[in-house]
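All remarks here apply to the structure that follows.
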Amino acid sequence: MYSRFLVSAIFAGAAAGLIAGLLQLVFVQPVLLHAELYETGAIVHFGAAPVSANPELPGFDAMRDGLSLVFTMLTYTGYALILIAAMGIAEERGATIDGRTGIIWGVAGFVAFHLAPGITLAPEVPGVAAADVAARQVWWFATVAAALVGLWLIAFGRNWMVWSLAVILLAAPHVIGAPEPDAFAGPVPTEIGALFAARAFGVGLAAWVLLGSFAGYFWCREGLNQNSTAQA
Amino acid sequence: MTTTTMTRSGLRFLPAVFAAVLGLAVISLTGHVQAAALHDAAHDVRHATGFPCH
């Protein structure tokens with residue numbers, strides 16, 4: 001049973017993570033590199049002269065972008081381990097898990113890990129002013145945990161008491177609020193910041209939908225494998 | 001019959017917890033630990049994934 005969890009999570013996470021990493025390189029990285037030109041002061045917003053919105057960006061960097069790909073695959077493998085743990089428990093309680101139902105698990109994972117913390121702690125472009133990183137990380141983990149429990153209760157709860165508790169769990173982190181900086185000092189134009197957050201969410205959703213589907217598929221397949229091995 | 005079901009539940013629950021804890025550890029490592037080498041290597045990913053960075 002351990003191997004079923006591990007093998008399906010590694011396959012699903014590596015595959016979805018590779019696609020996520022490539023999508024990030026194509027859609028997010030140019031925006032990030034553009035922002036870094038402002039972060040480092042190479043170009044200045046509201047300086048003496050108007051600044052081109054299409055500056056020349058550094059191209060593909062094998063070391064930097066290769067590391068990004070590896071770390072994206074690792075991150076999505078981490079997501080996959082948590083996702084498949086939940087799928088395994090849910091299947092035992094009667095849920096159907098396969099590549100098709102995995103899609104909705106993927107959407108739920110995106111909501112819990114990206115959208116829920118991102119609504120109040122928006123994906124940060126380099127150079128933004130932000131509160132202490134440790135405080136934000138505590139808020140991030142608490143928000144993700146509350147969202148995971150909330151979504152589970154919505155999906156598998158059976159009465160309004162449970163669903164009400166789920167709504168409270170989903171809303172509470174945002175009512176309480178995330179750690180915020182004392183003053184704004186970001187040198188990056190708002191246009192770039194907004195595009196960055198939007199792209200981060202878009203790529204995140206696409207990657208999570210794939211992750212959910214792959215996780216469902218490999219979970220299902222590994223189950224069939226183990227059954228046939230057991231019968232042989 | 002009941003015994004079989006309970007045993008199978010137990011068989012699945014522990015690996016699920018193990019997988020979840022391992023996943024949490026991996027995400028903490030790639031997305032949250034602030035050690036300089038890890039931070040630099042994972043910098044772009046942390047931003048692009050929406051993890052708190054810096």
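Within every chain, numbering begins at 1; the chains are lettered A, B, ... in the order of the sequence lines, protein sequences first and strands thereafter.
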Counting only non-hydrogen atoms closer than 4.5 Å, does A:E36 touch chain B with its backbone (N, CA, C, O), its side chain (CB onward), both, or neither? side chain
Heavy-atom distances under 4.5 Å only: say whether A:Q137 touches chain B with side chain, backbone, both or neither. both
Measure distances from A:R4 to the heavy atoms of chain B and classify the residue's part below 4.5 Å as side chain, backbone, both or neither. side chain
Proximity breakdown for A:L6 and chain B, heavy-atom pairs closer than 4.5 Å: side chain
Max heavy-atom pair count under 4.5 Å with chain B, selected residue of A:R136, A:M87, A:Q24: A:R136
Determine whether A:D65 and A:S68 satisfy the following criterion, side chain to side chain donor-acceptor pair (under 3.5 Å), listing intermediate values before the conclusion. CA-CA 5 Å; A:D65 294 334; A:S68 292; 4.7 Å; no
Given A:F113, A:Y76, A:W139, A:F71, the one with more heavy-atom pairs under 4.5 angstrom with chain B than any other is A:F71
Heavy-atom pairs under 4.5 Å with chain B - which of A:P117, A:G78, A:A207, A:A80 has more of them than the others? A:G78
Between B:H47 and B:H43, do the side chains contain a donor N or O and an acceptor N or O under 3.5 Å apart? yes
From A:L210 CG over to A:I19 CD1, what is the distance, rounded to the nearest 0.5 angstrom? 5.0 Å
Check ion pair A:E92-B:R12 (N to O, under 4.0 angstrom): yes
Look up atom CG in A:L170 and atom CG in A:L153, then write down how far apart they are to the nearest 0.5 Å. 9.0 Å
Residues of residues 119-133 of chain A near chain B, each having a heavy atom less than 4.5 Å away: A:L121, A:P123, A:E124, A:V125, A:P126, A:V133
Find the one option among B:A48, B:G50, B:A42 whose heavy-atom pairs under 4.5 Å with chain A are most numerous. B:A48
I need the A:H45 NE2 to A:L37 CG distance, nearest 0.5 Å. 14.0 Å
To the nearest 0.5 Å, how far apart are CZ in A:F5 and CG in A:L81? 10.0 Å
Atom of A:L69, atom of A:L18 and distance for their closest heavy-atom approach: CD2-O, 4.1 Å
Please state whether the rings of B:H32 and A:W140 are parallel, tilted or perpendicular, taking 30° and 60° as the class boundaries. tilted
What about A:Y79 and A:H114, are their ring centers closer than 6.0 Å? yes
Among A:F27, A:F141, A:F201, A:F196, which residue forms the greatest number of heavy-atom pairs with chain B at distances under 4.5 Å? A:F141
Which one of B:L22, B:V17, B:D44 has the most heavy-atom pairs closer than 4.5 Å to chain A? B:D44
Top contributor to chain A contacts, counting heavy-atom pairs under 4.5 Å, from B:C53, B:G31, B:A25: B:C53
Quick test of your reading: applying ring pair (Phe, Tyr, Trp, His ring centres under 6.0 Å), list the pairs with at least one residue in residues 6-25 of chain A, sequence neighbours left out, ordered by first then second residue. A:F11-A:F218
